[in-house]
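To start, the structure under review is shown below, and the notes come after it.
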Amino acid sequence: MNKVSIIIRREYTTRVKKKSFIIMTLLAPLFMAAMFIIPVWIMTRQDTDEKTIAVIEDGTEMFKGKIPGTKYLKFEYLENVDLQEIKGNFGELGYYGILHISPKVTYLPSAIQLLSNKQPPLDITEHISNAIEKEIERLKLLTYDIEDLDEILKEIDTDVKIQTIKISDTGEEKETSTGIAMGLAYISGILIYMLTFIFGAQVMRGVIEEKTSRIVEIIISSIKPFQLMMGKIIGIALVGLTQFFFWILITFIIISIAKSVLIPDISAVTEQPLTENILSSSPIAQTQVSEIQEMTEIQELFSTLGNIPWLTIIFAFIFYFLCGYLLYASLFASVGAAVDNETDTQQFMMPITIPLLLGLFVAMGAFQNPESSIVFWFSLIPLTSPIVMMARIPFGVPLWELGLSMILLILTFIGTTWMAAKIYRTGILLYGKKPSYKEIWKWIRYKN
Amino acid sequence: MQSYIYLTLANLFYPFKFFIFVTQNQRIDILMELFKAQHIVKQFANHLALDQITVSVPEGSIYGLLGPNGAGKTTLIRIINQITAPDSGELFFKGNKLKSDDIYDIGYLPEERGLYRKMKVGEQSVYLARLKGLSRQDALKKLKVWFEKFEIEAWWDKKVEELSKGMQQKVQFIITVLHEPKLLIFDEPFTGFDPINVKILKKEILKLKDQGATIIFSTHDMGSVEELCSHITLINKARTLLEGGIDEIRKRYASNEYEIGFEGEANLLTATLSSQYKILEHKKVNGQSIVRIKLQDSFSTNDILKSLLQSGKIVSFNEIVPGMNDIFIRVVQEEETIKRT
């Protein structure tokens, strides 16, 4: 055991001291943080290009002045102009687009066109259609002769958001967010896939390095091949865990710094008493409503974040990462032992890559439908379970399924390691000849 | 080395030669065998690598493991190192069955050898020494001594890839002997070294032997076998062809041929000799006649000397003992022809 620890220490320290390790450890969280921060940053920064859209109605003035302009989006209502003429001079006139509204719009929803030489972004088209919908509704209501219609309309203007609440069999409530669960499932599934591949390939490269440099014979005259293989696998697993730990730590630090620097008002907003505004019966201005919505959203986000079973997820993640990695790493090690150089590995990578990829594909399906039977079975089958089960866990998995999947994984890991050790032991001492699958099968059956 | 000197001296004083051989053989018989392999069989998928190989290595000897490429030497060495296990047969070390802890008492320099290219020399040496059971402090202390001896202290912090192949070999040699094992196994230790370094290395090997180490030495270089080994075993196609003390083996293959250096009338010499002996070769070098003759069974060397004394001045008289190279080729080729017929 002492000797295995010497091997583990070498595998660990040589890798951790490498420049590439330090760079990857520092850079990857920057990328990850960027994935979180950049969308937020883009959202906080609006498009500062002033755009003007020409509005043409065929003879009527039904919508004149009814589409509210914003700071960067203006509407110009043109009267008595010919659509064809404007279209013809589009380049010279400098409009961002031409909004053509036909009077038929009250009964034909598709009678509006936005003509532009660019693809208008979603927020512009939504802004326009919302305004027009509202105006049409107002016009229709107007025909019922209701007193103080405008007042009433302002007051009843509400926006609804569905809160999903998961209940346990005994009826205990828990707020959940499908979005957050999906995001988590997605991230953990892909992370397991990537980490298994990255660190498995490191094991393989390490074995090839020892084989091609021919140091392996010196080492295995001191220790058993199995000890060398396990030492390497465990050492690299520790490298993986170290890197993973720093990734989480650094990502967390970056995000919290960025949060306070880029969007300082979010924390300020959440601290305001929300209940007061919502409960007050007085009419609430449009802007206030949206502000409140934003606030409740953030509050919701925090409460659902708190309700996510973090401990279970982190424990499961470490378990599935370790067992999945151990399972594949021994296979990677045996591939490394069977070949003489990295280019020869292609042939033997297939049986490793296919279950991994399959796991990833099924996991992608799990985001859509975590309860389907294919997802169920693949989260039990050991070769794919680390990825698929991790994708299921944020949605909640019955304990017995989790337990069964873990036990199966551990048993398979022991089996593959035993098999890989046999391939490894024979392979590392053979040079020059690229073995066939048939030969490798023979190695597995060797007594010694 | 010593026995080689004995041999040449003995040629001049033939009557004592027998005596010297006998005493030497007796001495060796008394010595314990440090390592013994009995009836080792190893079968690989497609061929038999070792077929009933028996080897016994006397303590304190330098034991040559000879044989053509693919004879099974490396397989045997790997079995001694417990890298692979034999299908059948028994192995003994220091009189007991070979056990896994014995690897601490064995040092192995494989033929296919290398080091981690990206790792520093010092760090790597300590690592490999620790795998052989040395503590970090002991390893550092001993490495310092060896690095000074080979004058390579400056390499300590260099990466292995910065060293030449010969330099790497020196480091590997040190790593092999560092833990002061009882049994050292060198597989082609001299390949890749220049003659000066080969000389240094040979000196170190002999010194290790004097300090009590037993050495198994596999090589194709028959010159160094004659120079270093006291015992050999010759393996070909998985079977032992020859085994024993090197002097005894060379004597066994001696063909009763002698070389006489002679000053005086050459014709007279040939006339005298040709009546009784078969002259193989006769040449003149610097006014001296060199004659090679083959002795018939019924005559002794004294008979030749008697007849020569009358015909001139004898400068030298030597038995022609075949070199290991000749024996190697002869034995292997004979085996091949026997197999073919």
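Note on naming: letters A, B, ... go to the chains in the order of the sequence lines (proteins, then strands), and numbering restarts at 1 for each one.
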When you look at CH2 of A:W441, are more than 12 heavy atoms from neighbouring residues, nucleotides or ligands closer to it than 6.0 Å? no
Rounded distance [0.5 Å steps], OH in B:Y108 versus OG in A:S222: 11.5 Å
Residue part contacting chain A, namely of B:S100, when any heavy atom lies under 4.5 Å: side chain
Please classify the contact between A:K224 and chain B as side chain, backbone, both or neither, with a heavy-atom cut-off of under 4.5 Å. side chain
What salt bridge (Lys or Arg N to Asp or Glu O under 4.0 Å) pairs are there with at least one residue in residues 72-86 of chain B, not counting sequence neighbours? A:E217-B:R78
Spacing of B:R117 atom CZ and A:T212 atom OG1 [to the nearest 0.5 Å]: 9.0 Å
Are more than 12 heavy atoms from other residues, nucleotides or ligands located less than 6.0 Å from atom CD of B:E148? yes
For A:K17, is it the side chain, the backbone, both or neither that has a heavy atom under 4.5 Å from a heavy atom of chain B? side chain
Chain A contact residues among residues 120-141 of chain B, heavy-atom distance under 4.5 Å: B:E123, B:Q124, B:Y127, B:L128, B:R130, B:L131, B:K132
Surrounding CZ of A:F246 (heavy atoms of other residues, nucleotides or ligands, distance under 6.0 Å), is the total greater than 12? no
Does A:F245 have more than 12 heavy atoms from other residues, nucleotides or ligands lying within 6.0 Å of its CZ? no
Using side-chain heavy atoms (C-beta onward) and a distance below 4.5 Å, is A:I219 in contact with B:Y116? yes
Among B:I83, B:I103, B:N81, single out the residue with the greatest number of heavy-atom pairs under 4.5 Å to chain A. B:I83
To the nearest 0.5 Å, tell me how far B:Q172 CD sits from A:I215 CD1. 8.0 Å
